[in-house]
K.L.:
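One structure is given below, represented as structure tokens, and several questions about it will come after.
Every chain is numbered from 1 and lettered A, B, ... according to where its sequence line falls, protein lines coming before strand lines.
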Amino acid sequence: MECNGGGGDPTQILQQIETLKAQKTEIENRISVLEAQLRQIPSKEEPSPSSPKIINGGDHGLSYDAIYRYSRQLLLPSFGVQAQSKLLKSKILVVGAGGLGSPALLYLAACGVGCLGIVDHDMVELNNMHRQIIHTEAYIGQPKVKSAAAACRAINSTIQVVEHEEALRASNALGIVSQYDIVVDATDNLPSRYMISDCCVVAGKPLVSGAALGLEGQLTVYNYNGGPCYRCLFPTPPPSDACQRCSDSGVLGIVPGVIGCLQALEAIKIASDVGEPLSARMLLFDALSARIRIVKIRGKSLQCESCGENAALPPELFQSFDYENFTQSSLSTAPLKLKLLPDSARISSREYKERVLNGEAHVLLDVRPLHHFKIVSLPGSLNIPLSTLDGKIPVISSALKEEEERKGPSSTASASLYVVCRRGNDSQRAVQHLHKMGFTSAKDIIGGLESWARDIDPKFPTY
Amino acid sequence: MHLTLEFGGGLELLCQSVKIHNVEVDSPAGDEKLTMKDLLSWVRSNLIKERPEMFMKGDSVRPGVLVLVNDCDWELSGQLDTTLEEKDVIVFISTLHGG
Ligand SMILES: [Zn+2]
């Protein structure tokens with residue numbers, strides 16, 4: 001195989017890559033065929049006449065291979081063959097194959113959970129890869145469930161991996177959850193958290209709940225052994241604008257990784273009946289200060305509308321409950337699209353580009369937070385984050401004046417004011433505000449920088 | 001009375017992104033003890049710099065905020081009526097939903 005380091009023609013290199021990839025695929029196909037042949041040949045590992053057929057001391061039912069595979073866990077006095085045997089008989093459902101679900105699934109598959117279910121309806125995307133470590137680049141654009149299941153099977157071909165390629169909703173949740181013993185909530189939104197908790201109460205399943213955002217994580221076990229459920233703790237949902245998402249607020253990849261690992265640990269403890277699960281306690285993880293706090297939280301609430309004394313949450317009621325309406329937020333990760341302004345106060349990115357090309361005197365105000373602005377911005381734009389707009393009105397006035405002077409006295413018209421943000425929501429809020437402050441001709445760019453990248457400049461980075 | 005207040009889960013953004021505050025809080029005039037109710041109104045007027053509705057609702061915290069007094073849910077110590085003592089650590093944490 002020739003490897004010319006540097007100086008090569010890119011076209012040639014690309015051709016070489018393509019050729020090698022084709023060869024690799026062919027070799028992999030041949031390997032799978034051979035592996036399949038091998039599986040059909042009866043095992044030659046019959047016990048020799050000198051060794052007794054039953055080599056274990058009990059009825060744990062671990063096979064020859066299982067004893068070797070899980071030997072390091074069997075050697076643990078506080079885990080041992082009893083716990084391993086329970087684990088191998090357990091069925092665990094992981095809802096969400098994202099940042100939390102990735103490590104959780106890998107460990108649950110590796111440690112020998114008998115049946116592992118995966119629910120997700122999303123596709124693998126490039127901006128998932130930094131935290132959703134179960135997926136590989138080859139699966140970009142494919143269902144996360146398929147990718148995650150393949151990774152689990154690659155680690156442990158002796159367990160059963162079940163793919164549920166659909167969104168978990170009140171209408172289908174009971175049917176899926178009831179097939180399992182334990183549920184791991186690795187979702188990323190509020191309505192799912194209420195729905196999964198209620199479903200676990202109705203179905204009588206313990207729930208290992210984890211969450212992560214930014215540089216913090218939280219973990220607890222609900223509905224376990226008389227402990228509280230999610231609604232015991234949070235009977236009323238928070239206001240929807242208090243709910244941040246990774247796609248808006250960011251998350252350091254390893255933070256959900258840490259929490260996902262701990263979720264797998266709690267699920268393993270419950271499944272194998274060892275240790276003290278984190279029920280009526282909550283783990284709070286702060287990555288920046290390297291601090292983990294375990295706090296005592298309230299027990300089951302008698303007034304809880306889901307699991308309390310007088311609670312009546314029959315399956316039919318659960319199945320028809322509108323969780324999106326209850327939490328005033330969406331199950332899907334599709335970003336919000338506001339329409340706060342009349343069409344006369346908005347322009348498209350195409351129109352904006354025309355005006356720039358025509359040399360129109362204008363100021364482009366970018367109202368994103370500074371750390372967004374630093375990632376990428378349109379040339380010449382002025383960054384004043386929405387939260388600081390109030391105090392910066394004079395800056396806008398002088399920028400407009402400067403632009404008018406720059407264009408010279410020939411242009412009698414005053415400079416226009418355009419406002420842009422990431423997706424076109426904050427820009428509308430800003431324009432509403434600017435109108436009140438006397439900038440009555442301010443307009444926002446519909447769809448923000450995302451529309452600029454989509455319609456005008458495909459090379460403009462999106463994030 | 002010396003207290004340590006901690007904000008997490010995004011609530012620190014309401015107090016200039018500072019997570020830990022070591023503060024001196026006095027009981028209201030004519031009262032010997034300091035309760036969580038007193039502390040909340042002190043926090044609201046002294047630490048919360050923006051969007052107070054993201055921290056409080058009525059005279060309590062908004063839904064979705066856990067309050068911990070010395071690592072213990074305030075539901076277990078009497079919520080707003082919890083009496084605070086010297087060197088207590090009070091944590092306000094917003095629940096996270098991301099993953
Ligand atoms: Zn409950």
K.L.:
So A:R293 and B:E6, do their side chains get closer than 4.5 Å, heavy atoms only?
P.N.:
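They are in side-chain contact.
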K.L.:
Yes or no on side-chain contact (heavy atoms from CB on, under 4.5 Å) for B:L68 and A:K296, after CA distance, side-chain angles and deciding distance?
P.N.:
CA-CA 8 Å; B:L68 307 157; A:K296 189 167 190 277; over 6 Å; no
K.L.:
What part of B:L11 lies closer than 4.5 angstrom to a heavy atom of chain A: side chain, backbone, both or neither?
P.N.:
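For B:L11, there is no contact with chain A at all, as no heavy atom is under 4.5 Å.
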K.L.:
Got more than 12 heavy atoms from elsewhere within 6.0 Å of NZ, A:K300?
P.N.:
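Counting other residues, nucleotides and ligands, NZ of A:K300 exceeds 12 neighbours.
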K.L.:
Counting N and O atoms only, with roles assigned by atom type, does the side chain of A:E216 sit under 3.5 Å from a partner on the main chain of B:L96, one being a donor and the other an acceptor?
P.N.:
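Checking the backbone N and O of B:L96 against the side chain of A:E216, no donor-acceptor pair under 3.5 Å is found.
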K.L.:
Given a strict heavy-atom distance threshold of 4.5 Å, which part of B:K57 is in contact with chain A: side chain, backbone, both, or neither?
P.N.:
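No part of it gets close to chain A.
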K.L.:
For the residue pair B:P63 and A:P237, what are the closest heavy atoms and their distance?
P.N.:
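Nearest heavy atoms, B:P63 then A:P237: CB-O, 3.5 Å.
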K.L.:
Could you report the tightest heavy-atom contact between B:M54 and A:P239, atom names first, then the distance?
P.N.:
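The answer is CE-CG, 4.0 Å.
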K.L.:
Which atoms of A:Y230 are under 4.5 Å from chain B, going by heavy atoms: the side chain, the backbone, both sets, or neither?
P.N.:
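Side chain of A:Y230 only, per the 4.5 Å heavy-atom cut-off to chain B.
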K.L.:
Please answer whether the main-chain N or O of A:R298 pairs with a side-chain N or O of B:E75 as donor and acceptor at a distance below 3.5 Å.
P.N.:
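Pair absent, no side-chain N/O of B:E75 close to backbone of A:R298.
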K.L.:
Please answer whether the main-chain N or O of B:H97 pairs with a side-chain N or O of A:R193 as donor and acceptor at a distance below 3.5 Å.
P.N.:
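Side chain of A:R193 to backbone of B:H97: a pair is present.
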K.L.:
Identify which part of A:D185 has an atom lying under 4.5 Å from any heavy atom of chain B, answering side chain, backbone, both or neither.
P.N.:
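Neither part, no heavy atoms under 4.5 Å.
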K.L.:
What part of A:T236 lies closer than 4.5 angstrom to a heavy atom of chain B: side chain, backbone, both or neither?
P.N.:
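Looking at A:T236, backbone and side chain both touch chain B.
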K.L.:
Give a yes or no on this: more than 12 heavy atoms of other residues, nucleotides or ligands lie within 6.0 Å of atom CD of B:E86.
P.N.:
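More than 12 within 6.0 Å, yes.
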K.L.:
Please check if the number of heavy atoms outside A:I254 that lie under 6.0 Å from its CD1 is greater than 12.
P.N.:
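Counting other residues, nucleotides and ligands, CD1 of A:I254 stays at 12 neighbours or fewer.
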K.L.:
Between atom OG1 of B:T95 and atom CG of A:L233, what is the distance when rounded to the nearest 0.5 Å?
P.N.:
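B:T95 OG1 to A:L233 CG: 8.5 Å, rounded to 0.5 Å.
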K.L.:
Can you tell me if B:Q16 has over 12 outside heavy atoms packed within less than 6.0 Å of its CD?
P.N.:
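Open: at most 12 neighbouring heavy atoms sit under 6.0 Å from CD of B:Q16.
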K.L.:
When rounded to the nearest 0.5 angstrom, what distance separates CG in B:L66 from CG in A:L284?
P.N.:
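If I round to the nearest 0.5 Å, the distance is 8.0 Å.
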K.L.:
With a cut-off of 6.0 Å (strictly less than), are more than 12 heavy atoms of other residues, nucleotides or ligands near CD of A:E324?
P.N.:
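Yes - once you tally the heavy atoms of other residues, nucleotides and ligands closer than 6.0 Å, there are more than 12.
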K.L.:
Please look at A:L288 and chain B and tell me whether the side chain, the backbone, both or neither of the residue comes under 4.5 angstrom of a heavy atom of that chain.
P.N.:
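Neither; nothing under 4.5 Å.
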K.L.:
Within the supplied structure, the quantity of interest is the number of heavy atoms (other residues, nucleotides, ligands) at a distance under 6.0 Å from A:Y224 OH; does it exceed 12?
P.N.:
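Yes.
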K.L.:
To the nearest 0.5 Å, tell me how far B:D73 CG sits from A:M282 CE.
P.N.:
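Rounded to the nearest 0.5 Å, the CG-CE separation comes to 9.0 Å.
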K.L.:
Any side-chain heavy atom of B:K19 sitting closer than 4.5 Å to one from A:S289?
P.N.:
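They are not in side-chain contact.
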